[in-house]
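Notes to accompany the following structure.
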Amino acid sequence: MTDDQTVYLNGEFMPLAEARVPVLDRGFIFGDGVYEVVPVYGRVPFRWTQHHARLERSLGKLRIDDPMDAAGWRGLVDALIARHPWDDQFVYIQVTRGVAKRDHAFPKGITPTVFAMSSPLPVLPAEQITEGLAVITLPDERWLHCDVKSTSLLGNVLARQAAVDAGAAECVMFRGDRLTECSSSNFWVVRDGGVLAPPKDNLILEGIRYGLMQELCEAEGLPFSVREITRDEVLTADELMLSSATKEVLPVTRLDGRPVGDGRPGPVFRRLHAAYQRAKAASAAGAGLAVH
Ligand code: PDD
């Protein structure tokens with residue numbers, strides 16, 4: 001993040017340092033907005049169609065008018081990518097309900113605030129891939145609309161900080177006995193050579209990597225099922241993994257300080273990681289799996 005990078009705010013491109021939002025923006029006052037994080041490989045947004053569809057779903061669930069049509073969004077993302085020198089980037093998009101006198105109920109006739117920026121995509125440290133991540137378990141104390149990619153992220157922020165305070169990279173959360181997800185990633189359980197994922201309901205954000213992981217498992221001939229997963233199934237898993245736009249897929253090798261399986265990234269992770277790299281390369285080359 002550099003102050004001279006170009007960002008988009010309400011129809012204009014401008015240096016980051018000049019971008020300003022009124023303090024009565026409902027994103028600032030109430031966290032009343034939605035966002036997307038889209039990875040870009042070789043200047044091509046990866047799984048853009050799915051990210052755009054999720055943005056539309058999030059806006060629809062909060063009853064915020066979609067400020068742009070599909071071509072408008074794609075044009076904005078392409079323009080931001082073109083304004084920056086990096087081949088691999090990640091685009092952040094945020095839409096809030098807009099600026100109005102403070103009142104909890106939706107104000108009438110206001111225009112959504114649209115902000116977007118692109119940053120260089122951080123290269124994942126090699127040891128995260130070769131050694132894996134330490135993760136802690138936590139109760140899921142968030143609200144019941146985790147399927148909305150909302151900027152109201154206090155539950156996620158507090159959970160991530162608890163992980164950092166414990167010296168871990170992430171936390172994995174449970175509602176009672178049921179696995180949900182991590183503070184900013186989805187969580188995958190490997191048992192008996194197959195990949196398990198929690199149901200895509202209101203208790204988790206359906207990551208764009210959900211569909212991708214399913215495609216990669218199918219291509220690799222790995223059994224894949226979406227179903228409720230218990231804490232015990234997580235604690236006794238052969239392998240654990242997490243995924244997000246910026247983390248791709250990473251192995252979790254320590255859970256609450258104990259080794260997962262033999263404590264090393266496992267064979268299912270290695271296959272999915274290799275398949276993920278091929279999907280990225282195919283997208284960047286404009287062909288093959290995961291091109292949209
Ligand atoms: N987070 N679950 C939560 C709560 C998330 O915040 C994210 C992504 C995911 C994974 O979704 P996807 O595969 O579409 O990235 C799951 C982004 C990266 C963020 O907040 O920065």
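Numbering of ligands and ligand atoms starts at 1, following listing order.
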Checklist entry - Hey, is Asp147 close enough to Lys61 for a salt bridge, meaning N to O under 4.0 Å? => result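 Salt bridge between Asp147 and Lys61, a charged N being under 4.0 Å from a carboxylate O: yes.
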
Starting from [atom], what is the nearest protein heavy atom, named by residue and atom, and what distance separates them?
{"atom": "atom 15 (O) of ligand 1", "answer": "Ala245 N, 2.8 Å"}
{"atom": "atom 21 (O) of ligand 1", "answer": "Val37 CG2, 3.7 Å"}
{"atom": "atom 9 (C) of ligand 1", "answer": "Ser185 CA, 3.7 Å"}
{"atom": "atom 10 (C) of ligand 1", "answer": "Asn186 OD1, 3.6 Å"}
{"atom": "atom 3 (C) of ligand 1", "answer": "Glu181 OE1, 3.5 Å"}
{"atom": "atom 6 (O) of ligand 1", "answer": "Ser184 CA, 3.4 Å"}

Next on the checklist: When you measure from the heavy atoms of Ser183 to every atom of ligand 1, does any distance fall below 4.0 Å?
Outcome noted: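 Right, Ser183 reaches ligand 1.
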
Next on the checklist: Below 4.0 Å from ligand 1: does a non-hydrogen atom of Lys149 turn up there or not?
Outcome noted: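 Yes, Lys149 has heavy atoms under 4.0 Å from ligand 1.
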
Proximity of [X] to ligand 1 by residue part, where a heavy atom lies under 4.0 Å:
{"X": "Arg209", "answer": "both"}
{"X": "Lys247", "answer": "neither"}
{"X": "Tyr35", "answer": "side chain"}

Next on the checklist: Distance under 4.0 Å to a non-hydrogen atom of Asn156: what atoms of ligand 1 satisfy this?
Outcome noted: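 Counting from 1, the qualifying ligand atoms are 4 (C).
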
Next on the checklist: Show me which atoms of ligand 1 lie under 4.0 Å from any heavy atom of Gly207.
Outcome noted: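 Selected atoms, number and element: 10 (C), 11 (O), 12 (P), 13 (O), 14 (O).
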
Checklist entry - With a 4.5 Å heavy-atom cut-off, do Leu255 and Leu240 have their side chains touching? => result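 Contact flag for Leu255/Leu240 side chains = yes.
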
Checklist entry - Can you find an N/O atom of Arg54 closer than 3.5 Å to an N/O atom of ligand 1? => result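 Yes; at least one N/O pair falls below 3.5 Å.
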
Checklist entry - Counting N and O atoms only, with roles assigned by atom type, does the side chain of Glu220 sit under 3.5 Å from a partner on the main chain of Leu272, one being a donor and the other an acceptor? => result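 Here the side-chain-to-backbone pair does not exist.
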
Item to check | Any donor-acceptor pair under 3.5 Å from Gln89 side chain to Ile81 backbone | outcome: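 Flag set: sc Gln89 to bb Ile81 pair under 3.5 Å.
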
Checklist entry - Would you call the rings of Phe46 and Tyr41 parallel, tilted or perpendicular if under 30° counts as parallel and over 60° as perpendicular? => result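 Judged by the thresholds at 30° and 60°, the geometry between Phe46 and Tyr41 is perpendicular.
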
Checklist entry - Using 30° and 60° as the class limits, which term best fits the ring planes of Phe13 and Tyr8: parallel, tilted or perpendicular? => result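 Rings of Phe13 and Tyr8: perpendicular, over 60°.
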
In a table with atom names and distances, give each donor-acceptor pair under 3.5 Å that connects a side chain of residues 100-110 to protein atoms at least two apart or in another chain.
| unit_1 | atom_1 | unit_2 | atom_2 | d |
| --- | --- | --- | --- | --- |
| Asp103 | OD1 | Ala105 | N | 3.4 |

Item to check | Nearest neighbour of atom 14 (O) of ligand 1 from the list Leu242, Leu153, Ile208, on a heavy-atom basis | outcome: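 Among Leu242, Leu153, Ile208, the closest heavy atom to atom 14 (O) of ligand 1 belongs to Ile208.
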
Item to check | Distance-only side-chain donor-acceptor flag, Glu170 / Ser183, under 3.5 Å | outcome: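 A donor-acceptor contact under 3.5 Å links the two side chains.
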
Checklist entry - Would Arg191 and Thr236 count as having a side-chain donor-acceptor pair, cut-off 3.5 Å? => result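 Thr236 and Arg191 do have a side-chain donor-acceptor pair below 3.5 Å.
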
Checklist entry - So among His52, Arg54, Gln94, Lys149, which one has a side chain to side chain donor-acceptor pair (under 3.5 Å) with Glu36? => result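 Among the candidates, only Arg54 passes.
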
